[in-house]
Amino acid sequence: MAAYRAGVLIGNWEEDACLEEDRLRDFMHRRERGELLIQKINKLQDNLFKKIRLSVSKDGFVRFGDTVMLLHPDSKSWGERCPGACGSLTLAINLDEISLYSAESLQAPCGVSGVECVDPVGRNTFCILSVDGGAVGEPIRFGQNFRLGTTGGYSDQMLYLASDHKSFIRFAKKSHLQQVFLTDKLSYLTCWQATFLDPQLRLEHEGFPVPANSKMIITHCHTNRSLAVPRSFWTWSYFGKEYEVICHTYLDSHKAEEDKNYWVIVTGNPSDEDGTMIDRPHPHPSGIRKNEFCEET
């Protein structure tokens with residue numbers, strides 16, 4: 001029996017050739033319209049990691065309309081309680097894999113997490129919005145309701161930080177406490193308040209402007225629970241290691257909030273357009289730096 005030569009076509013060769021041409025034509029058409037999976041992911045990453053310029057506070061207070069970062073400050077006790085969880089964290093958008101691979105833009109509801117990135121980018125910057133009709137530029141005061149909105153680097157949408165009482169079907173995945181999420185619907189669930197750090201001086205500071213770049217407590221109005229990062233609950237996501245953010249008030253033996261509830265509203269550095277106030281060096285107490293003192297002596 002004679003063997004086939006290399007140029008002999010067998011089987012459904014014509015159908016296979018037509019199918020391959022259709023696949024190539026469909027691929028070229030989807031690539032032109034930007035519908036390929038790699039194109040969607042690259043576009044999403046470009047927006048989430050786009051550099052954002054924070055608002056500069058001229059008088060040291062936080063105002064409506066400011067673009068800021070919510071920073072969970074570092075503490076010496078973190079190394080003892082949660083090894084490997086040292087360093088400052090920022091509140092950021094957290095996308096699950098389904099949303100990451102299927103959506104071209106942010107879809108509500110969306111999760112949030114604490115990330116180690118302290119550079120202002122699209123996913124960890126928020127805009128402070130008024131609830132009671134306060135004008136843009138007016139300072140926020142302790143005890144006053146406000147909203148925290150984020151665009152995630154996009155320009156055609158706004159998601160708002162929200163929370164709600166936990167239930168049998170709605171709770172944080174790791175700690176099973178009250179979850180925090182982003183939504184596109186305005187309601188009382190998206191209202192927050194800034195509370196003075198010292199509980200003994202809290203009543204005296206009610207109604208005073210909120211200082212920027214200082215520790216404070218951020219409380220959810222509907223549930224009266226404080227925003228927190230326990231740091232003992234974390235997951236691996238597409239962006240790396242991220243810590244769970246919840247609404248839960250942690251109190252010590254003196255009925256004061258623990259450092260799990262501490263937050264800092266970070267503003268921009270006036271001497272560096274792309275920097276923040278946490279990057280600004282602290283002045284020496286005597287008004288002169290150590291190396292300058294050595295040079296003079």
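No hydrogens or angles considered: a donor-acceptor pair under 3.5 Å links the side chains of N213 and T267. Using modelled atom types and a 3.5 Å distance limit, the side chains of Q178 and T223 yield a donor-acceptor pair.
Under the side chain to side chain donor-acceptor pair (under 3.5 Å) criterion, the residue pairs touching residues 15-27 are D22-R25, with sequence neighbours excluded.
Within 6.0 Å of OH in Y250 there are more than 12 heavy atoms belonging to other residues, nucleotides or ligands. Within 6.0 Å of atom CG in N224, 12 or fewer heavy atoms from other residues, nucleotides or ligands are found, so the atom counts as exposed in its surroundings. Within a 6.0 Å sphere centred on CZ of R225, heavy atoms belonging to other residues, nucleotides or ligands number 12 at most.
By the side-chain contact (heavy atoms from CB on, under 4.5 Å) test, N124 is found to be paired with M69, T90, A92, C117, V121, residues two or more places apart in sequence or in another chain being considered. The side-chain contact (heavy atoms from CB on, under 4.5 Å) test applied to A17 returns no partner, not counting sequence neighbours.
Using a 4.0 Å cut-off between charged side-chain N and carboxylate O, E258 and R231 make no salt bridge.
You'll find the ring centres of F142 and F196 inside the 6.0 Å limit.
Going from atom CZ of F181 over to atom OG1 of T190 covers 9.5 Å, rounded to the nearest 0.5 Å.
Judged by a 6.0 Å distance limit and a 45° cone about the ring axis, K215 is not positioned over the six-membered ring of Y262. Relative to the six-membered ring of F239, R123 meets both conditions, a distance below 6.0 Å and an angle of at most 45° to the axis.
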